Each structure stands twice: as C-alpha cells, then as structure tokens.
Amino acid sequence: MSDQGKHLYAFGAFVLDAGQRVLLREGKPVPLAPKAVDTLLYLVSQAGRLVEKQELMNQVWPDTFVEEGNLTKNIFVLRQALGNGNGGQEYIETVPKRGYRFVAEVTAGEKPAGNGKPHAPGAAVSPFEPEDSRIVDLTPVSAPAAGAAPWTWRIVAAVTGLLAVAGAWLWLSPPPPPTVLKTTQITHFGRVDPASRLVTDGARVYFVARKGSLLSLASVPVEGGEPVPVPTPVPDVALYGISPDHSELLVGSDPNNDNKMTFWLLPTAGGSPRRVGNVIGHDAAWSRDGRRIAYFSGSALFAVKPDGSDSEKIAATAGREWFSRWSPDGAVLRFSAANSTIGSLSLWEVPVSGGTPHRLLQGWREPPAYYGDGETDGDWTADGRYYVFRSTRAAYASIWAMREHGGFLRRASGPVQLMTTDSSLWGVLAAGNKVFYTGDKEVRELARFDARSGQFVPYLTGVRARDVSFSRDGQWVAYVVPNMQQSTLWKSKADGSGAQQLTFPPLLAGQPRWSPDGKEIAFRANPPGKPLQIFLIPSGGGEPEAVTISTLNGLYPDWSPAGDLLFFTGRAPARAEQPALSVDGRPAEGTYQLDLKTRQVSLVPGAEALKGLSWSPDGRYQVAQTVDDRTMMLYDTDAGRWSEIMKGKALRVGIWSSDSKYVYTQDVLGASQPILRVRISDRKVEPVATFEQIPRADVRNYVLAGVAPDGSPVVSLVLSHSDIYALDLKLP
C-alpha cells in the first residue's frame, strides 16, 4: 500500500489523504482507528472492483492471522463514519460470501511536492481546492484632510490596511489546534476503579481503588509512582471533588446500595469527616470557588452550601444523569446523561441561575448505535478556554478538546481529537496543561470452583469469556467473548474442544441459554441503534432470529422445561400501583413469556414486577428477583404462590443446578462478593465461595457466569488492567 502514499482520494463530501492517513469530511478530520483507515484506503484505491475478503484481510493485516470478525467490524465502523452517499446508497457494498466493493465515484489526485495545490486529472476545478479565497479591499474610505502631507495619509492608510488584513486573517483563519506532547502512565497496579472520579491538588491525583467489592481511597504523584492509601472511615467510598485550598475531599457513601448516598468532607491531612448537612442524592460536584456543591436527587439537579444549608433546585432532569461539572466562572453546569432506550450517552448544559437543560454537540458526529456510545465525562481547563470530554463510537473511545473562548480576534472552534484507543476511557480530568483519565482494557478469564481444594482453578484456558451456559446433557457449553465492543456468542464441548463462533458483529450478544433439547440457544443482543431483543439461533450455527420486539428491551432469556415457552425480562407496562421508574432511574421491569408456536407475548401472572425468571429443570419451581436486585423470590407451582428465599445488596440472576436441588447466585456488592446457593428443600442459604479463594493477585473482581453440570460455580475473572494516564498538552 506504499504506492498510495502520494495520493488524495475525493468522494462525496470526503477527502482521504493516503500520506497523512486521515479522512476529512468537508475539511474536518473524521476519527478512525488505524486499521479502519487501512481498510478504507484499499477499498477506495480499488473503487468499483469487487475485493475478496481474503485479499482485503491480507492487505490490512499482512503476515498476521486475524478472524473475519475483525474485518466485519472495520466495515461496520466505516459505514457508521461515512453514512450514505447520493440517493441514500451506502459507499461500501457487500457481496454476500465474497467481499466488498466501494461503489462511490472517486477522484484521485497526487499530493504536491511542496506547498503547491494538488492536481486532479481531467477535472476543470480540483476537488481539493480551498473552499474560498478572500480579497481585502485596501482603498481609503475618504480623501486625506486638506494640507496633510501626501506621505502621512499614505502611511495611515497602509497601517490601517495592514491592521485590517491582520485582523481579518486572525478572525477568519482557524485557531491553532491543541496538541498532545506526550502520554504518561501514572499507575501500574491495574486496580483503579473505572467509575472513580479523578481529583488533583496539583501534586497528587486522588482516586478510588477496587479489590473485589472493597472500595478504598488512594493517591499517586502526578508524575507517577506507587499508590498510597488515604485513610477514611467512610464505607463504600465514592470520590467527587476537592476544595479550592486542597484541604478537604468531597466524598460520598452508599453502604446499603439503596440509592441514598450521603456526602462528606474529608480532611486531606487526616481527621474526622463532616457530613454535608442532611443532603441525600448522588454524584456531587464542588464549584471552583468552593461555595456550592451540586448534586442530583431523584429527577432534579440541586446546589447547596458545603454545610448543607440553602439547598435550591437548579433544573428538572430525566433521572439518569451523572458527572456534573461547574464552569470556572460558576455560571453553568454541564453533566452527562444516558438514553434509556439504547443506553447512548450525551452531554448537557444548564445555567446555574435556572432554566431548561439543553444538549451539547447535537448532530456533531454520527448517531450512537450501541450501549455506551456517545459523549460524556466533560471538564473545563482552569482558565475556561477549553472543554475536554470523552467520545465513543463502536468501541473506539477518544478524548476531544473544544475551544470555548477564542480570545482577542479569535473565534471559538469545534472539537479537536487528542487521542483514541480501543480501551474504555473514564474519569476525564482537566488540570493545567494536563488531562488525566482512567484507561480500562477489559481482559477476562474463566475459572471453576474446585470444592476439594477450596480454590478457583482455570477453566477453558485461553477463552476470555463471560455469560456461560451448559446444555442439559452437560456435553456442550455456550459463552460470550467480549472484545472491545464486540460481544460474540460461541459454543464448544465442555472440555473446550470443537469451538465454533455462532454470531458476528455488529450484533452484540449476551446471556445465552440452551434449549432443553439442545437444538437452539436463546440470547439477548443489541442490534445497531436499537434496544435489546431476544434472539434464537440453531446450536449448529445459522442466522439469528429476533423473536421479541425492540420496544420491550428484552433481557435474561430462559426456557420452560418442555421448551415450548421462552421467558424474558422486559419493560413493564405503566400501572397505577407501580411508578414509571425504579429507584435507580431505569424503566420498571416485568417478566414476559413468549409462546414459541403462536409467537404471542404476555405478562407472567404474579411476576409482573419481577425480573430474571428461571424455571427449574424438573418443572416444579421458578425463581425471579425484585428489580432492585435485593430479594430473590421462589414460586412453587404446586402451592401456586411466591415466597422470599434470599436477600442481599445486589444479587445476580439465579442459576439452577442440573438436579433442581439448588439455586446459585452472587451478591456482587456484598463483603468478598460471595457466591451463595439456596437449598430448595428447606430454603437454607449456604455460602459456596468468595473473592479471597482466587489464588492469583491480578484479579480486580469476578462475577458468577454459570454453573457446571457437577454443581461447580464457573466465574468470569476481571483482570487488573485499569490505570490512570496523563496527556501533556499544548493549549494555544
């Protein structure tokens, strides 16, 4: 592909610079990962010709073996970035089972050797010409005053003209963009809690570390080094801010996980914390002058003094907001919000004096297609000139800087990309000429609990999976492999042999469940730009079939013992006795059943306000849990009633043992994240395993993924790959 380096390719509103390896839309860079650029470059250079899949993979990944799903992912990312061309036609055409063809008309031109303009053969006007050339008229407005020396007015006119030209040039030319000078990894221990805010006093960065369910405060020098614990009596601590004099940290605590967080001011030099009055809410932010603290409570944004007095409502919200930040002048608040339909993210702004929040950057990039796509976690530089934020599309996260104020004869400018990565980005913090953030590379491994040794041992070595399901005969296992934002469904024999990929991007799969006869697998998936749906796929492979409508937002599929019904959790219909939102701001959920013969969907009587229903293999019992994940319920089909069998802080959906004698779950926010089981015969709750029984030090936390046919819990270990990074910037 080296011969392409001298070329520019123009198509539609785009210019692809092969030498700089950048795609421009109307002169503005389009963020793309390097391999996506390689894919586009080869397709464009072969415009109109069918490029076989293997040929394209050989060009993009020379001398490297990759799976076809990587190519499919790149094509999807490119289609998202390019949109549609003339007449609504996609730029890239898929030829089923063969390859791809770039179908738009392409004009190729060579890059100039110096500063001359590029030449497009056969075109009267090159598509690479500047959009506009401006001429400044230097003719004097009026004649010189009588008696004035001729050279005097000529000098005045010349100076005036030069100033006018300079001013016009400064105003019309784009301001120089911010640039990254270097990137530094600040921590190397992998245990930074991805959800933690980052706070700095100029010398240290404060953050929350995670080990299992244990959250603890720590700090690290801004230049990097070993983290140091920050003692605090506040349990389950959350970090939100620091006072202007750096003497106190603003922290929160919600030990009961009941969405009733209290706020505290913790001295950085040690000492007892003091509570921020009787304020209860979530996600607080300290103003730059230290006089006010903003926080969310219910469906509103409030501000209060640090002693808890003079609370006032700033604006009504939708109930799913976080990461609020004050502007340096204290005039506005910006915050992040999530869309309840597909889980996309966006940035919002509201005047502190009150008003209706309005969305920032509307239409700036292509619409989010997946859960977690969008813009969030924004923060101002101290002087207010720049606003930095995180943006994610199709698993590629990036940090951008937007010039807020142009200064004298300078305009504000649109967002400029600072960096991009296939890791998750969290907790963006602007501090001086640095931007700190948490980078989290999701790496998982499976383990099985060995009761004889009392420890977790490796299972399906080399498979980085979650969401495990075993067939009824115990011969097969289905699992989901997360890779960036690709979540693909696989199956293999229980010993790991005969692995087969069943789904492919852009479908994001999860929560597989085998049918009783082993012929099908039900799973939930995100189609691009749509809410969750329940799908069926033949266990031998084939096309996935959506069996629910997207408006129900289907989760947790499971089968009836006879295999004629499919149960799933979906949005519960509004009822007078049930609020529209649950305690955490999510839409209320209920349990539905799908008759696989008639394809009729109906609510399950008695489970209209429960989630995660699962039927025992012998057909006698059902388990489900309340939408707040605190209580597990058991339905006895003989007695015809529901009863409570377990409580916890945050219970995983129940999994039956193959003999129907036990239901397994995990309290993921309980001490040591215990795996528990309930003996159905007498309702006795038994501890099975804890985080401390993992014999390796590089695990940040773990989740119950399935139960093997012999009753052994199978877990997905989340390895320690979450650290703080810093970008050193040049901010003109």
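Note that the numbering runs from 1 along the sequence shown for the chain. It should be emphasised that the depicted structure is a prediction, and the values quoted were computed from it without experimental measurement. All heavy atoms count here, side chains included; hydrogens, waters and symmetry mates do not.
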How would you list, by chain and number, every residue that makes a ring pair (Phe, Tyr, Trp, His ring centres under 6.0 Å) with [X], sequence neighbours excluded?
| X | result |
| --- | --- |
| F436 | none |
| F456 | F449, Y702 |
| W380 | Y387 |
| H721 | none |

Rounded to the nearest 0.5 Å, what separation is found between the [atom1] atom of [X] and the [atom2] atom of [Y]?
| X | Y | atom1 | atom2 | answer |
| --- | --- | --- | --- | --- |
| Q185 | T183 | CD | OG1 | 11.0 Å |
| S469 | Q511 | OG | CD | 11.0 Å |
| L704 | L651 | CG | CG | 11.0 Å |

How would you list, by chain and number, every residue that makes a side-chain hydrogen bond (donor to acceptor under 3.5 Å, both in side chains) with D254, sequence neighbours excluded?
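Scan of D254 (side-chain hydrogen bond (donor to acceptor under 3.5 Å, both in side chains), adjacent residues dropped) gives none.
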Are side-chain N/O atoms of [X] and [Y] paired as donor and acceptor at under 3.5 Å?
| X | Y | result |
| --- | --- | --- |
| W490 | S492 | no |
| D373 | S344 | no |
| S398 | W400 | yes |
| E375 | S346 | no |

Of all residues at least two apart in sequence or in a different chain, which pass the side-chain contact (heavy atoms from CB on, under 4.5 Å) check with T268?
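Testing T268 for side-chain contact (heavy atoms from CB on, under 4.5 Å), a comparison that skips the adjacent residues, returns Y206, L249.
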With E445 via side-chain contact (heavy atoms from CB on, under 4.5 Å) - residues at least two apart
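Residues passing side-chain contact (heavy atoms from CB on, under 4.5 Å) with E445: R464, R696, L719.
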Please determine if E349 and R334 form a salt bridge, counting it only when a charged side-chain N lies under 4.0 Å from a carboxylate O.
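The answer is yes: the pair qualifies as a salt bridge.
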Is any side-chain N of the basic residue among D379 and R288 closer than 4.0 Å to the acidic one's carboxylate O?
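So D379 pairs with R288 through a salt bridge.
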Identify which one of L429, V435, V428 satisfies the side-chain contact (heavy atoms from CB on, under 4.5 Å) criterion when paired with L198.
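Per the side-chain contact (heavy atoms from CB on, under 4.5 Å) rule, the option paired with L198 is L429, out of L429, V435, V428.
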Checking [X] now: which residues fulfil salt bridge (charged side-chain N to carboxylate O under 4.0 Å, His left out) with it, not counting sequence neighbours?
| X | value |
| --- | --- |
| R275 | none |
| R444 | E442 |
| R210 | D193 |
| R700 | D440 |

Just grab all the side-chain hydrogen bond (donor to acceptor under 3.5 Å, both in side chains) pairs involving residues 219-237, residues at least two apart or on different chains.
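Those involving residues 219-237 do not exist here.
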Parallel, tilted or perpendicular: which fits the ring planes of H282 and F296, with parallel below 30° and perpendicular above 60°?
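Ring orientation of H282 relative to F296: parallel.
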For salt bridge (Lys or Arg N to Asp or Glu O under 4.0 Å), just list the numbers for D667 and K649, CA-CA rounded to whole Å, side-chain angles, deciding distance to a tenth of an Å, and then say yes or no.
CA-CA 6 Å; D667 192 349; K649 283 189 174 183; over 6 Å; no
Centre-to-centre under 6.0 Å for Y240 and W326, is that the case here?
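Judged by ring-centre distance (under 6.0 Å), Y240 and W326 do not meet the cut-off.
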